[in-house]
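Every number for a ligand or one of its atoms is a count from 1 in the order of the listing. Worth saying up front: this structure is predicted, and the values here are computed from it rather than measured.
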Amino acid sequence: MGKAKRQALQQRRQASVENLTARYKRRMGERLAASRKLFKKRVVAVDPHTHSIYSDGQSTVAENAERAKLVGVDLIFASDHGTIRQKRSAAPLSNATWGEESDSAGFHLGLLRPTKPHRSRPAETLTDGLARARKLTDFVWLAHPVGFSGLTPKYRGLILKAVAPLDEVAMEVLNGFAVIDRAHYRTGLWGVWMMDRLLCAGKKVTPLGSSDCHWMVEIGNAWTGVLGATRSPASVIKTLRAGRCFASEAPLLDLSINGKPMGSTLKPKKGAALTLRFRAADSAGLAWVRVISGGKILKEIYAKGQPVVSGTLSRKATGKPAHYRVECAGTDDRRAFSAPVYVR
Ligand SMILES: [Zn+2]
Ligand SMILES: [Zn+2]
């Protein structure tokens with residue numbers, strides 16, 4: 001086969017993958033739209049982490065933004081590696097804005113709307129890298145902190161050591177890079193493991209979901225549900241800072257304790273009553289919903305395909321620090337993980 005013919009064939013193949021995934025993702029968008037009606041609380045679906053042709057992505061910011069509309073994601077951040085030049089391509093779009101992905105101490109950092117690109121310095125610690133990043137942005141997180149390949153016990157130990165000095169951190173627990181239909185299994189598996197390890201060590205952790213797309217087909221694999229924000233980037237960033245969010249592949253989630261939303265810190269007297277209220281919705285049906293504290297399941301509900309599950313759980317404040325979070329799965333196992341409510 002000649003070179004021109006081979007190129008034409010390759011282009012047709014690429015177009016057919018784009019069309020096939022568009023059809024699938026459109027159904028995901030319809031599922032999310034129906035879930036929102038059942039959930040009855042405003043959720044802004046955000047993809048904080050997308051790549052475009054401004055770095056190593058294969059789609060334009062506009063193409064990514066079009067895909068986002070299809071899957072029901074309200075706002076994307078074009079967070080290219082080491083640059084914010086994509087800002088000018090996002091500016092005319094109503095559902096896109098800029099971010100940046102940089103690296104520091106072996107980790108990748110995500111920054112939302114930084115004033116300039118954050119650049120790594122050799123031999124800096126993660127704490128120093130984060131401190132410098134925070135001067136450039138109101139919101140920074142660890143992108144795919146557990147990586148995509150084999151996570152050996154030694155590497156797990158190195159990660160935990162690097163994050164040990166931090167009191168609070170936002171991190172991706174779901175990342176959709178290099179997968180067509182959902183989050184990379186390793187980010188879901190080990191990302192949630194790492195979140196629980198950090199929570200049990202007394203830290204505050206804000207979980208995020210992102211597509212980390214390098215081609216528009218990955219958009220919608222995972223995203224972050226932001227509760228109570230408007231679609232404006234400033235409102236989304238403010239609400240993420242408050243920790244009012246959940247990482248998701250499809251279902252919607254909410255949790256409060258004594259009326260205080262996710263991300264809140266309660267300071268009850270010892271013995272005081274804590275009333276947890278949780279709610280999950282997925283128009284495709286839920287398989288289960290769990291309430292988790294200290295890495296243990298406190299309550300598990302088998303939803304048997306019901307589209308909405310709400311419940312309450314009563315606890316007593318023990319006088320010791322605690323955290324509570326909820327997670328759920330749709331009937332096709334797509335998951336969601338809430339940010340915790342903290343008791344101190
Ligand atoms: Zn990365
Ligand atoms: Zn990335």
Side-chain angles (χ1 to χ4, degrees), residues 45-61 63-65 67-68 71 73 75-87 89-90 96-114 117-122 124 126 129-130 132-133 136-137 139-151 155-156 158-159 162-163 169-191 194-195 206-224 237 240 247-249:
V46 174
D47 190 340
H49 186 171
T50 68
H51 296 279
S52 75
I53 51 172
Y54 282 89
S55 61
D56 59 352
Q58 295 167 52
S59 304
T60 63
V61 177
E63 283 171 329
N64 285 338
R67 272 296 163 114
V71 298
V73 167
L75 180 68
I76 66 164
F77 288 81
S79 53
D80 277 296
H81 296 281
T83 181
I84 59 168
R85 286 185 303 121
Q86 65 281 17
K87 188 175 172 177
S89 286
T97 184
W98 81 97
E100 191 225 344
E101 184 173 16
S102 71
D103 51 296
S104 174
F107 286 83
H108 283 192
L109 305 184
L111 290 80
L112 297 184
R113 287 161 69 98
H118 174 256
R119 306 224 188 259
S120 65
R121 281 185 189 162
E124 73 180 350
L126 179 62
L130 279 170
R132 282 198 305 114
L136 305 173
T137 175
F139 193 77
V140 55
W141 77 97
L142 302 182
H144 50 78
V146 293
F148 301 99
S149 53
L151 198 59
Y155 182 56
R156 294 204 300 265
L158 286 174
I159 295 173
V163 294
V169 66
M171 57 173 268
E172 285 172 5
V173 298
L174 295 172
N175 177 300
F177 171 61
V179 211
I180 285 199
D181 68 328
R182 54 181 304 186
H184 192 284
Y185 78 98
R186 203 174 288 279
T187 65
L189 177 68
W190 289 110
M194 185 165 156
M195 171 166 72
T206 301
L208 302 179
S210 81
S211 72
D212 195 1
C213 74
H214 286 67
W215 182 15
M216 57 179 160
V217 300
E218 294 149 307
I219 297 231
N221 287 352
W223 41 269
T224 304
I237 290 172
L240 285 174
S248 183
E249 293 174 305

Check your understanding: Do H144 and E101 meet the criterion of a side-chain donor-acceptor pair at a distance under 3.5 Å?
Key -> yes

Review point. Going by atom types alone, do N221 and S211 pair a side-chain donor with an acceptor below 3.5 Å?
Key: no

**Study point:** For the Zn ion (ligand 2), the closest N/O/S atom belonging to H49
**Key:** NE2

Exercise for review: Could you check I159, V163, V169 and say which one makes a side chain to side chain contact (heavy atoms under 4.5 Å, CB included) with L126?
Suggested key: V163

**Study point:** the Zn ion (ligand 2) - closest N/O/S atom in E101
**Key:** OE1

Review point. Of all the N, O or S atoms in D212, which one sits nearest to the Zn ion (ligand 2)?
Key: OD1

Point to revise | H108 near the Zn ion (ligand 2) via N/O/S, less than 2.8 Å | key: no

Check your understanding: Within the stated cut-off of 2.8 Å, is an N/O/S atom of H144 closer than that to the Zn ion (ligand 1)?
Key -> yes

**Study point:** Sidechain-backbone polar pair: Q86 side chain, G99 backbone, donor-acceptor under 3.5 Å
**Key:** yes

Review point. Any luck finding a side-chain donor-acceptor pair between N175 and H184 under 3.5 Å?
Key: no

